[in-house]
Chemist: 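First the structure, then my questions, so here it is.
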Amino acid sequence: MATALVIENDPTDDVRRLGEWLVEGGLELRVLRPYAGDELPADLAGYAALVVLGGDQQAYPRPDGTPDAPWFPALEGLLRKAVRHRVPTLAVCLGAQLLAMAHAGLVERSPSGPEIGPGVVGKRDAAEGDPLFRYVPLIPDVLQWHADEITELPRGATLLAASTRYPHQAFRLGDRAWGLQFHIECDTAMIAEWARGSRQLAELGYDEELVVAACDRVMADVEEVWQPFAIRFAALALGELGDDVTRPTLPLLGH
């Protein structure tokens with residue numbers, strides 16, 4: 001069975017529903033927890049896919065120049081190798097920010113403030129030529145929980161989804177690496193754990209119970225969109241899905 005390497009950066013953000021969907025799609029998962037001492041591999045030999053999850057850390061260096069987690073340089077190296085060698089990659093929230101940073105993008109504390117709770121994003125035109133996003137609805141439901149944002153995408157990245165305040169919601173690097181600023185892996189229990197005593201909710205003045213209840217109401221809608229997305233990603237990793245990236249063409253005037 002083909003194996004996806006899953007990097008869990010934070011014990012409060014495990015692979016959860018996304019993992020269930022990937023297994024349903026035919027992948028076996030190997031989960032590494034570097035915060036607990038697991039060592040990251042030097043390369044992705046033997047893996048059919050790479051999945052990088054979120055966390056409470058910052059993707060950008062601390063003021064003294066050190067990484068916010070000691071394994072981030074090695075993880076960024078894996079993300080570069082994944083893109084270079086066309087290993088199907090799915091990076092979520094912090095993972096997406098690390099994917100951007102690994103390829104000379106820019107991540108900063110968002111000037112718009114934290115983005116938390118249920119929401120929607122809008123597909124960009126380029127998504128119609130994407131092997132995964134072309135099947136996502138025009139305005140899909142998502143779950144948000146971040147205070148940093150990708151302010152500059154890496155050169156050559158394709159923007160696939162955006163929103164008004166946070167323009168870089170989903171992107172692709174090369175033809176097999178996707179970054180999602182939003183969360184698709186969460187269930188209500190995970191959201192409730194994040195909400196408990198959250199400094200970000202306090203900053204926004206949001207009520208913890210109301211945020212959890214609002215997220216809970218859209219869980220089925222999120223699954224309706226992103227479970228098939230995860231199944232398609234698994235099919236791509238298994239070689240069962242054409243991965244051609246197509247671009248829409250316009251007729252020439254006068255022809």
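A quick note: this is a predicted structure, and the numbers were derived from the prediction, not measured.
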Chemist: Under a 4.0 Å threshold between the charged nitrogen and the carboxylate oxygen, would Arg16 count as salt-bridged to Asp14?
Modeler: yes
Chemist: Could you check whether Arg33 pairs with Asp38 (Lys NZ or Arg NE/NH1/NH2 to Asp/Glu carboxylate O, under 4.0 Å)?
Modeler: no
Chemist: Side chain of Lys81, backbone of Ala42: donor and acceptor closer than 3.5 Å?
Modeler: yes
Chemist: Has Asp13 got a side-chain atom pairing as donor or acceptor with Gly54's backbone, closer than 3.5 angstrom?
Modeler: yes
Chemist: For residues Glu224 and Pro140, determine if any side-chain heavy atom of one lies less than 4.5 Å from a side-chain heavy atom of the other.
Modeler: no
Chemist: Verify, without hydrogens or angle tests, whether Trp178 (side chain) and Leu173 (backbone) share a donor-acceptor contact under 3.5 angstrom.
Modeler: no
Chemist: Any idea how Trp226 and Phe182 line up, ring-wise: parallel (<30°), tilted (30 to 60°), or perpendicular (>60°)?
Modeler: tilted
Chemist: Can you check whether Pro67 reaches Gln57 side chain to side chain, under 4.5 Å on heavy atoms?
Modeler: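 Result no, sub-4.5 Å side-chain heavy-atom pair not found.
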Chemist: For Arg62, does the CZ atom sit with more than 12 other heavy atoms under 6.0 Å from it, leaving out its own atoms?
Modeler: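 Correct, the count exceeds 12.
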Chemist: Can you get from Leu238 to Phe229 by hopping between Ile, Leu, Val, Met, Phe, Trp and Tyr side chains that sit under 4.5 Å apart?
Modeler: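 Per the 4.5 Å side-chain linkage, Leu238 and Phe229 are co-clustered.
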Chemist: Looking only at non-hydrogen atoms, find the nearest pair between Ala192 and Val212 and report the distance.
Modeler: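 Heavy atoms of Ala192 and Val212 come nearest at CA-CG2, 3.8 Å.
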Chemist: Do Leu106 and Leu98 belong to the same hydrophobic cluster, where Ile, Leu, Val, Met, Phe, Trp and Tyr are linked whenever their side-chain heavy atoms lie under 4.5 Å apart, directly or via other members?
Modeler: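 Per the 4.5 Å side-chain linkage, Leu106 and Leu98 are not co-clustered.
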Chemist: Any side-chain heavy atom of Gln181 sitting closer than 4.5 Å to one from Cys93?
Modeler: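 The answer is yes, as the side chains (C-beta and beyond) meet within the 4.5 Å cut-off.
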Chemist: Charged N to carboxylate O below 4.0 Å: is that the case for Arg17 and Glu223?
Modeler: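 Looking at Glu223 together with Arg17, the answer is yes, because their closest N to O distance falls below 4.0 Å.
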Chemist: Among the clusters formed by ILVMFWY side chains lying less than 4.5 Å apart, do Val218 and Val211 turn up in the same one?
Modeler: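 Yes, because Val218 and Val211 connect within a single hydrophobic cluster, where side-chain heavy atoms sit under 4.5 Å apart.
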Chemist: For Tyr47 and Val6, run side chain to side chain contact (heavy atoms under 4.5 Å, CB included): C-alpha distance rounded to whole Å, both residues' side-chain angles, the deciding distance at 0.1 Å, then the answer.
Modeler: CA-CA 10 Å; Tyr47 292 108; Val6 179; over 6 Å; no
Chemist: Which atoms form the tightest heavy-atom contact between Ser163 and Glu115, and what is the distance?
Modeler: OG-OE2, 4.3 Å
Chemist: Determine whether Leu99 and Val83 make a side-chain contact, defined as any pair of heavy atoms from C-beta on separated by less than 4.5 Å.
Modeler: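 Side-chain contact under 4.5 Å: yes.
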Chemist: Any donor-acceptor pair under 3.5 Å linking the side-chain atoms of Tyr60 with those of Asp148?
Modeler: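 Yes, because at least one side-chain N or O of Asp148 sits under 3.5 Å from a partner of the opposite role on Tyr60.
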Chemist: Roughly how far apart are Glu240 CD and Ile231 CD1, rounded to 0.5 Å?
Modeler: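 Those atoms lie 10.5 Å apart.
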Chemist: Please check: side-chain N/O of Arg124 versus main-chain N/O of Ala161, any donor-acceptor pairing under 3.5 Å?
Modeler: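 A pair under 3.5 Å: no.
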Chemist: Is the number of heavy atoms from other residues, nucleotides or ligands within 6.0 Å of CZ (Arg109) greater than 12?
Modeler: yes
Chemist: Determine, for Arg134 against Glu128, whether the closest basic-nitrogen to carboxylate-oxygen distance falls under 4.0 angstrom.
Modeler: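 The answer is no: the pair does not qualify as a salt bridge.
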Chemist: Contact between Leu5 and Pro41 at the side-chain level, heavy atoms closer than 4.5 Å - yes or no?
Modeler: yes
Chemist: I'd like to know if the side chain of Thr89 and the backbone of Val87 have a donor-acceptor N/O pair within less than 3.5 Å.
Modeler: yes
Chemist: Between atom CE of Met1 and atom CD of Glu28, what is the distance when rounded to the nearest 0.5 Å?
Modeler: 6.0 Å
Chemist: Between CD1 of Ile116 and CD of Glu203, what distance do you get to the nearest 0.5 Å?
Modeler: 8.0 Å
Chemist: Taking Asp130 first and then Arg232, would you say they form a salt bridge - that is, a charged N and a carboxylate O separated by under 4.0 Å?
Modeler: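 Result for this pair is no, no salt bridge flagged.
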Chemist: Ignoring hydrogens, what is the shortest heavy-atom contact between Pro154 and His103? Give both atom names and the distance.
Modeler: CB-O, 3.2 Å
Chemist: Tell me whether Leu78 shares a hydrophobic cluster with Val15, the cluster being built from Ile, Leu, Val, Met, Phe, Trp, Tyr side chains joined at under 4.5 Å.
Modeler: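 They do not share one cluster, since no chain of ILVMFWY contacts under 4.5 Å joins Leu78 to Val15.
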Chemist: Side chain of Lys123, backbone of Ile139: donor and acceptor closer than 3.5 Å?
Modeler: no
Chemist: Tell me the closest heavy-atom pair linking Thr158 and Ala126, and the distance in Å.
Modeler: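 Shortest heavy-atom contact: CG2-CB, 3.6 Å.
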Chemist: Decide yes or no on side chain to side chain contact (heavy atoms under 4.5 Å, CB included) for Leu32 and Leu40, but give the supporting numbers first.
Modeler: CA-CA 7 Å; Leu32 293 183; Leu40 299 184; 4.2 Å; yes
Chemist: Please give me the minimum heavy-atom distance between Cys186 and Met219, naming the atom from each residue.
Modeler: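 Between these two residues, the closest heavy atoms are O-SD, 3.6 Å.
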Chemist: Donor-acceptor pair, distance only, cut-off 3.5 Å: does the side chain of Asn9 make one with the backbone of Leu53?
Modeler: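 Answer holds: yes.
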Chemist: With rounding to the nearest 0.5 angstrom, report the CG to CZ distance, Leu18 to Phe233.
Modeler: 8.5 Å
Chemist: Is there a side-chain contact between Glu8 and Tyr35 in this structure, where contact means two heavy atoms from C-beta onward sitting under 4.5 Å apart?
Modeler: yes
Chemist: So, taking the atom named CD1 in Ile191 and the one named SG in Cys215, what distance separates them when rounded to the nearest 0.5 Å?
Modeler: 4.5 Å
Chemist: Donor-acceptor check, side chain of Arg172 to backbone of Gly174, threshold 3.5 angstrom: yes or no?
Modeler: yes
Chemist: How many angstroms lie between CG in Leu27 and CH2 in Trp21, if you round to the nearest 0.5 Å?
Modeler: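 Between atom CG of Leu27 and atom CH2 of Trp21 there are 14.5 Å.
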Chemist: Provide the closest heavy-atom pair for Glu76 versus Ala59 in the form atom of the first, atom of the second, distance.
Modeler: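 Closest heavy-atom pair between Glu76 and Ala59: OE2-O, 4.1 Å.
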Chemist: Without hydrogens or angle criteria, can the side chains of Glu20 and Gln227 be said to hold a donor-acceptor pair below 3.5 Å?
Modeler: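 Note: Glu20 and Gln227 side chains miss the donor-acceptor criterion.
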Chemist: Side-chain contact test, heavy atoms from C-beta onward, threshold under 4.5 Å: evaluate it for Gln200 versus Trp145 and give yes or no.
Modeler: yes
Chemist: For Leu75 and Val52, run side chain to side chain contact (heavy atoms under 4.5 Å, CB included): C-alpha distance rounded to whole Å, both residues' side-chain angles, the deciding distance at 0.1 Å, then the answer.
Modeler: CA-CA 9 Å; Leu75 180 50; Val52 182; 3.9 Å; yes
Chemist: Using the rule given for side chain to side chain contact (heavy atoms under 4.5 Å, CB included), can you reason through Thr151 versus Val107, listing the C-alpha separation, both sets of side-chain angles and the distance that settles it, and then say yes or no?
Modeler: CA-CA 6 Å; Thr151 51; Val107 177; over 6 Å; no
Chemist: Judged by atom type as modelled, is there a donor-acceptor pair below 3.5 Å linking the side chain of His183 to the main-chain atoms of Glu185?
Modeler: no
Chemist: Please tell me whether Trp194 and Leu94 are part of a single hydrophobic cluster in this structure, the criterion being side-chain heavy atoms less than 4.5 Å apart.
Modeler: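 Different clusters.
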Chemist: Please check if any side-chain donor atom of Gln144 sits under 3.5 Å from a side-chain acceptor atom of Tyr166, or the reverse.
Modeler: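 No, no side-chain donor-acceptor contact under 3.5 Å.
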Chemist: For Asp56 and Arg199, what are the C-alpha separation, side-chain angles and deciding distance, and is it a salt bridge (Lys or Arg N to Asp or Glu O under 4.0 Å)?
Modeler: CA-CA 11 Å; Asp56 195 40; Arg199 65 183 183 277; 3.5 Å; yes
Chemist: Ignoring hydrogens and geometry, is there a side-chain-to-backbone donor-acceptor pair from His168 to Ile150 under 3.5 Å?
Modeler: yes
Chemist: Got Leu50 and Leu79 here, is their nearest side-chain heavy-atom distance under 4.5 Å?
Modeler: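 With C-beta onward as the side chain, the pair touches.
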